[in-house]
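One structure is given below, encoded as structure tokens.
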Amino acid sequence: MLHNSLVYTNKQTLKKLLMTRSFSSSMTYNVLNKFPMATANGEHYWAEQENSIHQKNRPNFKGDTFHLQEKLPSLPVPELNETITKYLQSIKPYIKGKPEELSRQKLLCQDFLENEGPVLQDRLLKYSKGKRNWMSTFWDNQAYLEYNDPVIPYVSYFFSHKPLPSTHAQIQNDPLLKATAIVVTATKFIEAIKDESLPAELVKGNPFCMNSFQLMFNSSRLPGAPESNRDANIFYSIYENNFIIVAYKGNFYKIITHDKNTKLPLTANEIWQQLYSVVNGKHGQNVNGSQKQSNGIGALTSLPRDQWRTAYTEVIKDPLSKEALETIHQSSFVLCLDLDKTPITLEEKSRNCWQGDGINRFFDKSVQFFVTGNGTSGFLGEHSKMDGTPTLFLNNYMCQEMNKLDPKTFIQETRTPSTKSGELQPEALTFTVTPKVQEYIASAKLQFNHIMKQESLKVWHYNRYGKNFIKTQKMSPDAYLQQIIQLAIYKYLGKQLPTYEAASTRKFFKGRTETGRSVSEASQKFVESWDNPNVSNGERVQLLRDSAAAHASYLKMASEGKGVDRHFFGLKNMVNAEQDNETVPALFKDPLFNYSSTWLISTSQLTSEHFDGYGWSQVNDIGYGLAYMLNKEWLHINIVNKPGYSGLTVDRLHHYLNVAADEMADALIKDSTKARL
């Protein structure tokens with residue numbers, strides 16, 4: 001695996017480059033050392049000097065962002081009997097009318113509590129001792145780094161930015177101005193991370209883990225050795241790598257973002273000039289002046305991970321290609337210029353943010369932004385080391401800052417030449433595409449197109465009401481929208497399906513997510529009674545309220561680290577922990593046990609008034625992925641599925657979501673009116 005020594009240097013690369021004609025004597029190579037991150041999160045970064053040395057030289061350094069990390073509680077191990085009780089409650093909707101099945105489940109659980117369960121629980125408690133987050137390594141590896149399916153479409157998630165207001169039309173409609181604004185505002189955010197001036201997040205007085213904010217920039221997912229069956233992540237000093245990568249027509253360019261002497265961010269004009277040179281200058285052209293053809297390297301990051309690991313070992317045999325990949329990994333982020341695309345509809349914009357053309361991307365990069373030919377923009381996040389709330393914060397901040405720009409001033413600054421403008425030239429990254437590498441690229445393109453053609457996507461953008469109305473009904477907006485989903489699925493299929501909602505556990509050190517089980521006895525009563533003519537409107541409304549309350553209660557419990565699924569995940573990891581070929585508990589092999597966590601409906605909420613899209617894929621190929629936003633006056637769900645596998649359509653679910661949302665509001669309004677009379 002690349003970078004696997006305690007101190008790594010480009011000496012071998014330098015030696016090979018010296019023997020090539022393309023080597024330039026002006027190129028410099030620095031020895032990088034491996035330093036542990038100051039927050040003791042178990043991660044390391046590569047740098048010439050420790051970050052603390054750079055921080056001492058920053059006059060505005062505050063040290064606020066991560067100063068509460070030490071005070072965060074450790075992730076708890078739930079009590080075994082409580083987990084079993086919650087599990088038995090959660091499966092009742094799937095076995096209604098089958099008392100013998102419930103009896104069988106109780107016997108399985110009793111057997112587990114009397115035999116293997118306490119042994120596995122004791123192992124898990126011992127394993128967790130001295131660890132601030134016992135699940136971290138298991139989860140990172142098994143949910144992400146050992147997961148073999150390609151990150152697109154199965155892992156990464158996107159945000160689509162709303163257009164800037166009409167007052168900013170000149171910026172919005174000019175892709176290079178919009179791209180410059182994105183780079184400038186993102187760099188401003190990075191400066192806040194460098195100064196640690198971003199306050200630690202507090203929710204009801206409790207600190208939330210800020211770990212992801214130090215993993216976001218100058219980082220990348222990294223293919224492991226082919227025999228390892230696991231990827232890794234690599235992090236570089238945020239202080240020493242003041243540049244980004246621009247992807248244009250499938251080629252990659254290094255763009256400087258800071259003055260090399262003062263370390264201060266460059267002006268808008270200095271950024272714009274470099275972007276302009278990528279698009280219109282000699283860097284994007286062949287010797288005869290024609291446009292450079294894509295080298296296709298970005299497509300390799302769309303491969304299934306085992307294939308990418310094998311291809312990666314082939315690519316880095318060439319020293320120039322290896323150096324180019326390292327440069328991409330070191331960069332703050334990637335900016336993709338999709339100037340040949342002009343998405344208009346919500347679906348078109350979502351598709352471009354999610355997948356693009358599969359070539360003008362580097363899907364391993366933690367943070368990628370996009371700008372198209374008509375100025376639409378968005379973000380794609382690689383999921384292995386961070387969840388959506390930190391990147392939501394980043395993108396929401398950037399959109400707010402772009403909205404605050406004075407268009408006249410910004411355009412004038414962008415078009416006013418700097419004394420350094422002529423000195424700043426983008427650097428085209430060089431890859432050697434051998435016949436073997438070309439075979440991998442061709443395969444990557446074919447597989448990407450095949451997979452993405454299987455995916456259907458439709459956006460449910462509902463304008464009748466939003467969370468403001470829901471709050472007037474004294475219900476949790478999140479729990480309410482989950483009831484829309486439950487009712488829509490039931491109207492469509494006549495049954496409920498196992499439904500997952502991501503519950504944040506950021507109140508704990510390195511906390512990520514726990515499962516919110518949306519299907520409950522209360523939700524079952526609600527959906528089954530809704531269209532019953534013998535049930536009064538008042539009764540229907542009460543069942544809706546009961547179901548929403550039950551959902552909110554479970555989600556709160558899950559956020560406290562006391563859900564069912566992550567505990568079972570930990571217990572499963574304790575099987576064979578002390579002896580090989582240990583018998584797997586009968587409960588873990590039970591079909592209903594496994595069906596209850598087969599997430600045929602996968603959901604998650606991330607909301608910004610500045611987005612018009614947010615999404616990812618279905619978790620199971622016979623199910624749906626439903627990413628939703630709860631905005632003040634509108635609701636939004638990105639609906640994704642594979643109709644060829646599921647036999648279900650995004651259009652029909654879209655219809656039933658409308659019906660469910662309308663009927664629920666009508667019932668609530670009718671009930672409120674009756675109460676006032």
Side-chain angles (χ1 to χ4, degrees), residues 86 88-99 102 460-499 501 503 516-558 601 603 605 607 626 628-637 652-677:
K86 293 169 191 172
L88 285 170
Q89 282 293 116
S90 75
I91 62 172
K92 287 181 179 179
Y94 307 119
I95 53 176
K96 184 182 178 183
K98 298 178 182 178
L102 181 58
W460 182 68
H461 196 83
Y462 184 78
N463 289 305
R464 179 178 171 185
Y465 61 87
K467 66 182 177 184
N468 284 347
F469 166 78
I470 300 168
K471 287 179 179 179
T472 67
Q473 301 301 312
K474 304 294 191 290
M475 277 186 277
S476 156
D478 179 80
Y480 180 95
L481 196 141
Q482 285 286 330
Q483 305 319 302
I484 293 177
I485 292 171
Q486 287 299 311
L487 185 55
I489 291 292
Y490 190 79
K491 282 178 175 290
Y492 185 5
L493 302 175
K495 63 180 179 179
Q496 292 178 285
L497 298 176
T499 305
E501 181 185 358
R517 291 193 167 203
S518 301
V519 174
S520 66
E521 287 186 282
S523 74
Q524 183 183 52
K525 290 176 183 176
F526 157 59
V527 299
E528 290 184 352
S529 301
W530 191 259
D531 289 325
N532 187 336
N534 297 317
V535 177
S536 70
N537 186 70
E539 290 172 320
R540 291 196 306 164
V541 167
Q542 190 56 53
L543 290 171
L544 164 60
R545 293 187 182 280
D546 292 345
S547 184
H551 181 86
S553 177
Y554 195 103
L555 204 68
K556 181 180 179 182
M557 178 182 66
I601 308 295
T603 78
Q605 184 225 146
T607 295
L626 304 177
Y628 62 94
M629 295 193 288
L630 287 158
N631 295 75
K632 293 177 182 178
E633 301 299 339
W634 48 276
L635 306 173
H636 181 107
I637 302 179
R652 283 182 176 264
L653 183 54
H654 184 278
H655 166 77
Y656 285 113
L657 287 167
N658 274 327
V659 173
D662 283 345
E663 289 183 359
M664 285 166 56
D666 290 343
L668 287 164
I669 292 168
K670 182 178 178 181
D671 190 64
S672 299
T673 303
K674 182 179 178 181
R676 288 196 298 269
L677 294 176

Roughly how far, to the nearest 0.5 Å, is the CG atom of Leu102 from the CD1 atom of Ile95?
4.5 Å

Check Ala488 against Leu653 and note the closest heavy-atom contact, atom names and distance.
CB-CD1, 4.1 Å

With rounding to the nearest 0.5 angstrom, report the CD to CG distance, Glu501 to Leu626.
11.0 Å

List in chain and number order the residues that pass salt bridge (Lys or Arg N to Asp or Glu O under 4.0 Å) with Arg464, two or more places apart in sequence or in another chain; answer none if no residue qualifies.
Asp662, Asp666

Least distance between heavy atoms, Tyr480 atom then Met475 atom:
CD1-CE, 3.8 Å

Given the rule in the side-chain contact (heavy atoms from CB on, under 4.5 Å) test, do Thr499 and Ile489 qualify, once you have shown the distances and angles that lead to the verdict?
CA-CA 10 Å; Thr499 305; Ile489 291 292; over 6 Å; no

Has the side chain of Gln482 got a donor or acceptor atom that lies under 3.5 Å from a matching backbone atom of Asp478?
no

Can you sort out the partners of Lys96 under side-chain contact (heavy atoms from CB on, under 4.5 Å), two or more places apart, ordered by chain and number?
Gln524, Glu528

The side chain to side chain donor-acceptor pair (under 3.5 Å) partners of Lys92 (sequence neighbours excluded) come to Gln89

In Å, rounded to the nearest 0.5 Å, how long is the span from CD1 of Ile470 to CG of Leu481?
6.5 Å

What pairs with Lys491 under salt bridge (Lys or Arg N to Asp or Glu O under 4.0 Å), at least two apart in sequence or on another chain?
Asp531, Glu663

Partners passing ring-ring contact (aromatic ring centres under 6.0 Å, His included) against His636 (at least two apart in sequence or in another chain):
His461

Please check if the side chain of Thr673 supplies one atom and the backbone of Ile669 the other of a donor-acceptor pair under 3.5 Å.
yes

Where do Ile485 and Ile637 land on the side-chain contact (heavy atoms from CB on, under 4.5 Å) test, with the steps shown first?
CA-CA 10 Å; Ile485 292 171; Ile637 302 179; 4.2 Å; yes

For Gln496 versus Pro93, what's the shortest heavy-atom pair and its separation?
OE1-CB, 4.2 Å

On a heavy-atom basis, the closest approach of Gly466 and Leu635 is CA-CD2, 3.9 Å

Going by side-chain contact (heavy atoms from CB on, under 4.5 Å), name the residues that satisfy it together with Ala661, two or more places apart in sequence or in a different chain.
Trp460, Tyr462, Tyr465, Ile484

Restricting to side chain to side chain donor-acceptor pair (under 3.5 Å), what partner residues turn up for Asp671, sequence neighbours left out?
none

Is it the case that the side chain of Arg545 and the backbone of Gln473 share a donor-acceptor pair, with hydrogens and angles ignored and the cut-off at 3.5 Å?
yes

Lys632: which residues meet the side-chain contact (heavy atoms from CB on, under 4.5 Å) condition with it, sequence neighbours left out?
Lys467, Asn468, Glu609

Pairs meeting criterion salt bridge (charged side-chain N to carboxylate O under 4.0 Å, His left out) with involvement of residues 516-526, two or more places apart
Arg517-Asp565

Between His551 and Gln486, is there a side-chain donor-acceptor contact under 3.5 Å, judged purely by atom types and distance?
no

For Phe526, which residues count as a ring-ring contact (aromatic ring centres under 6.0 Å, His included) partner, sequence neighbours excluded?
Trp530

How long is the span from the OG atom in Ser476 to the CG atom in Leu555, to the nearest 0.5 Å?
8.0 Å

Closest non-hydrogen atoms of Thr607 and Met629, given as atom of the first, atom of the second and distance, are OG1-CA, 3.4 Å

Rounded distance (nearest 0.5 Å) linking atom OH of Tyr94 with atom CG of Leu497
8.0 Å

Restricting to salt bridge (Lys or Arg N to Asp or Glu O under 4.0 Å), what partner residues turn up for Glu633, sequence neighbours left out?
none

Sequence neighbours left out, what passes side-chain contact (heavy atoms from CB on, under 4.5 Å) with Ser520? Give chain and number order.
Ala522, Ser523, Ala550

Keeping the roles fixed (side chain from Thr472, backbone from Phe469), state whether a donor-acceptor pair exists under 3.5 Å.
yes

Is there a donor-acceptor contact under 3.5 Å from the side chain of Ser672 to the main chain of Leu668?
yes

